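The structure displayed is predicted, hence computed values, not measured ones. Atoms within a ligand are numbered from 1 in the order they appear, just like the ligands themselves. Note that these values count all heavy atoms, side chains included, but never hydrogens, waters or copies made by symmetry.
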Amino acid sequence: MSKKNCKNILGIETSCDDTAIGIVTSEKKILSNIVINQNSNLTKYGGIIPEIAARDHLSNIDYAIHGALDEADLELQDMDLITATGGPGLIGGVIVGTVFAKSLAMSLDRPYVAVNHLEGHALTARLTDNVKYPYLLLLVSGGHTQIIAVLEYGKYVRLSSTLDDAAGETFDKAAKILDIGFPGGPMIEKMAIDGDHKSFDLPKPMYNSKNPNFSFSGLKTAFNQTVTRNKLNKTVVKDLCASIQKSISDCLVDRTKFAISKFKEMIVNETKIKLVVAGGVASNLFIREELKKLCLETDVLFFAPPLSLCTDNGAMIAWAGYEKYNREGETNLDFKPRPRWPLDPEAHYINPIQLKIGKNGVKA
Ligand code: KG4
Ligand code: ZN
């Protein structure tokens with residue numbers, strides 16, 4: 001398959017709890033984007049159980065592919081390129097998506113591309129808003145909180161990462177403490193609308209620090225203690241939600257401000273710096289507004305993909321897979337799913353966030 005003839009791209013995402021399949025065209029049209037989530041199952045356990053999530057992907061993936069083809073009004077034979085998340089993520093789910101994609105590619109005789117999940121989030125704004133390289137990326141999801149200089153395809157410099165929990169994980173844990181459901185981010189955002197964020201004085205770890213990284217574990221502990229000390233009713237819960245959302249948002253804005261100044265030093269030839277936000281937490285409207293204000297203050301262009309493309313989806317994998325195919329060609333069918341797959345493997349040595357990296361290397 002020549003790169004020019006590659007029109008319809010199938011993207012499969014199974015690295016966490018959503019079984020997602022999207023079809024996009026090389027002209028950046030999203031023909032379908034089906035996401036089957038496991039939220040009702042996850043509410044039962046208060047989080048993701050990797051083994052259960054993997055089994056659910058196995059039963060959902062058939063429905064997802066039929067749904068995606070129906071929505072696009074296409075047949076499997078119309079797919080020109082088969083892409084799937086190859087990591088990082090929960091390995092059981094990544095295996096399900098990878099094996100499914102390789103089998104499709106073999107039976108249809110089409111090229112297969114293994115995609116880095118983080119690259120899927122990182123390149124979404126190129127699909128939705130035609131954003132040109134280079135840009136600064138704030139990637140905030142359930143598993144990752146990073147700021148990355150995206151210089152061109154495949155050239156990523158991580159400027160900041162979390163020393164402990166991710167921002168989405170903090171939302172999820174706060175919601176679990178309040179027992180208001182999973183995933184926590186959307187629940188907290190909803191409750192926070194009528195809450196007063198000045199009601200509780202929660203910490204903002206790393207705020208104003210010269211160390212570029214994030215940290216959220218102290219905030220989570222302080223939140224837990226605050227909840228334990230207070231008698232909960234609907235008003236108090238709303239105020240607690242507004243307060244933790246504000247603390248997380250202030251940390252994200254402050255660290256992004258710091259990274260913008262570093263990025264301006266790196267990209268001296270650009271007339272206008274661009275900030276792209278991506279990942280599940282980027283669908284939070286309060287946080288988007290605060291980031292927009294920061295961009296106005298710092299003379300930076302702001303891009304945020306539509307809400308449905310911030311959380312995990314197959315369309316972003318299809319697009320990133322297409323960009324990868326154009327630069328690097330197809331992936332060998334002996335590709336092994338990768339639980340660890342950093343976008344910037346050098347970052348650990350320049351800005352270490354873990355003391356030990358383990359025998360399998362840096363996680364993400
Ligand atoms: O990108 P994503 O779908 O999956 C990962 O790659 O992790 O992100 C899921 C995370 C969850 O932690 C969820 O609570 C958070 O994104 N999230 C939100 C919102 N929607 C999803 N956090 C804050 N506000 C939201 N509206
Ligand atoms: Zn994600």
Notebook entry, point to check: Does T170 use its side chain to pair, donor to acceptor, with the backbone of F216 at less than 3.5 Å?
Noted result: no
Item checked: Distance filter under 4.0 Å to G184 heavy atoms, resulting ligand 1 atoms -> 14 (O)
Notebook entry, point to check: Below 4.0 angstrom, N of the basic side chain to O of the carboxylate: do E323 and R126 qualify?
Noted result: yes
Notebook entry, point to check: What protein heavy atom sits nearest atom 20 (N) of ligand 1, and how far off is it?
Noted result: S283 OG, 3.2 Å
Margin query: Minimum heavy-atom separation for N33 and A315, please, with both atom names.
Written below: OD1-N, 3.3 Å
Next item on the list: Kindly check if the number of other-residue, nucleotide or ligand heavy atoms within 6.0 Å of CG (N233) is above 12?
Entry: yes
Margin query: To check your reading of the model: name the closest protein heavy atom to atom 11 (C) of ligand 1, its residue, and the distance in Å.
Written below: D172 OD2, 3.6 Å
Notebook entry, point to check: Who's the nearest protein heavy-atom neighbour of atom 3 (O) of ligand 1, and how far?
Noted result: D312 N, 2.9 Å
Notebook entry, point to check: So which protein heavy atom does atom 24 (N) of ligand 1 come closest to, and at what separation?
Noted result: N284 ND2, 3.1 Å
Notebook entry, point to check: Does the side chain of Y325 reach to within under 4.5 Å of the side chain of I9, using non-hydrogen atoms?
Noted result: no
Check: At what distance, to the nearest 0.5 angstrom, does CG of D80 lie from CG of L10?
Finding: 10.5 Å
Note to self: Quick check on contacts: which atoms of ligand 1 are under 4.0 angstrom from a heavy atom of H117?
What the structure shows: 6 (O)
Check: Is any side-chain N of the basic residue among K176 and D172 closer than 4.0 Å to the acidic one's carboxylate O?
Finding: no
Margin query: Which of the numbered atoms in ligand 1 are under 4.0 angstrom from any heavy atom belonging to T311?
Written below: 3 (O)
Next item on the list: May I ask you to say whether K293 pairs ionically with E297, meaning some side-chain N is under 4.0 Å from a carboxylate O?
Entry: no
Item checked: Residue and atom name of the nearest protein heavy atom (relative to atom 10 (C) of ligand 1), distance in Å to one decimal -> G142 N, 3.4 Å
Check: Which protein non-hydrogen atom lies closest to atom 26 (N) of ligand 1, naming both residue and atom, and how far is it?
Finding: E189 OE1, 2.7 Å
Next item on the list: Please determine if G168 has a nitrogen or oxygen closer than 3.5 Å to a nitrogen or oxygen of ligand 1.
Entry: yes
Notebook entry, point to check: Under 3.5 Å, N or O to N or O, is D18 touching ligand 1 that way?
Noted result: no
Checklist line | G143: numbered ligand 1 atoms lying under 4.0 Å from its heavy atoms | finding: 7 (O)
Check: Mind checking whether W319 and Y322 have parallel, tilted or perpendicular rings, split at 30° and 60°?
Finding: tilted
Check: Looking only at atom types and distance, does a side-chain atom of K274 sit under 3.5 Å from a main-chain N or O of K132, one as donor and one as acceptor?
Finding: yes
Margin query: Looking at K204 and D254, is any side-chain nitrogen of the basic one under 4.0 Å from a carboxylate oxygen of the acidic one?
Written below: no
Check: Take atom NZ in K190; do more than 12 heavy atoms of anything else shown fall under 6.0 Å from it?
Finding: no
Check: Can an N, O or S atom be found in H117 less than 2.8 Å away from the Zn ion (ligand 2)?
Finding: yes
Next item on the list: Identify the protein heavy atom lying closest to atom 21 (C) of ligand 1, giving its residue, its atom name and the separation to 0.1 Å.
Entry: G280 O, 3.4 Å
Check: Should C16 be listed as contacting ligand 1, given a heavy-atom distance under 4.0 Å as the test?
Finding: no
Check: What is the name of the N/O/S atom in D312 that sits closest to the Zn ion (ligand 2)?
Finding: OD1
Checklist line | ligand 1 to G279 polar contact by distance, N or O atoms, under 3.5 Å | finding: no
Next item on the list: Please find out if the Zn ion (ligand 2) and some N, O or S atom of C16 are separated by less than 2.8 Å.
Entry: no
Next item on the list: Give the residue and atom name of whichever protein heavy atom lies nearest to atom 22 (N) of ligand 1, and the separation in Å to one decimal.
Entry: G185 CA, 3.2 Å
Item checked: Backbone N/O of V96 and side chain of H57: donor-acceptor pair under 3.5 Å -> no
Checklist line | H121: its N/O/S atom lying closest to the Zn ion (ligand 2) (atom name) | finding: NE2
Next item on the list: Under 4.0 Å from a heavy atom of H121: give me the atoms of ligand 1 that qualify, with their elements.
Entry: 1 (O), 6 (O)
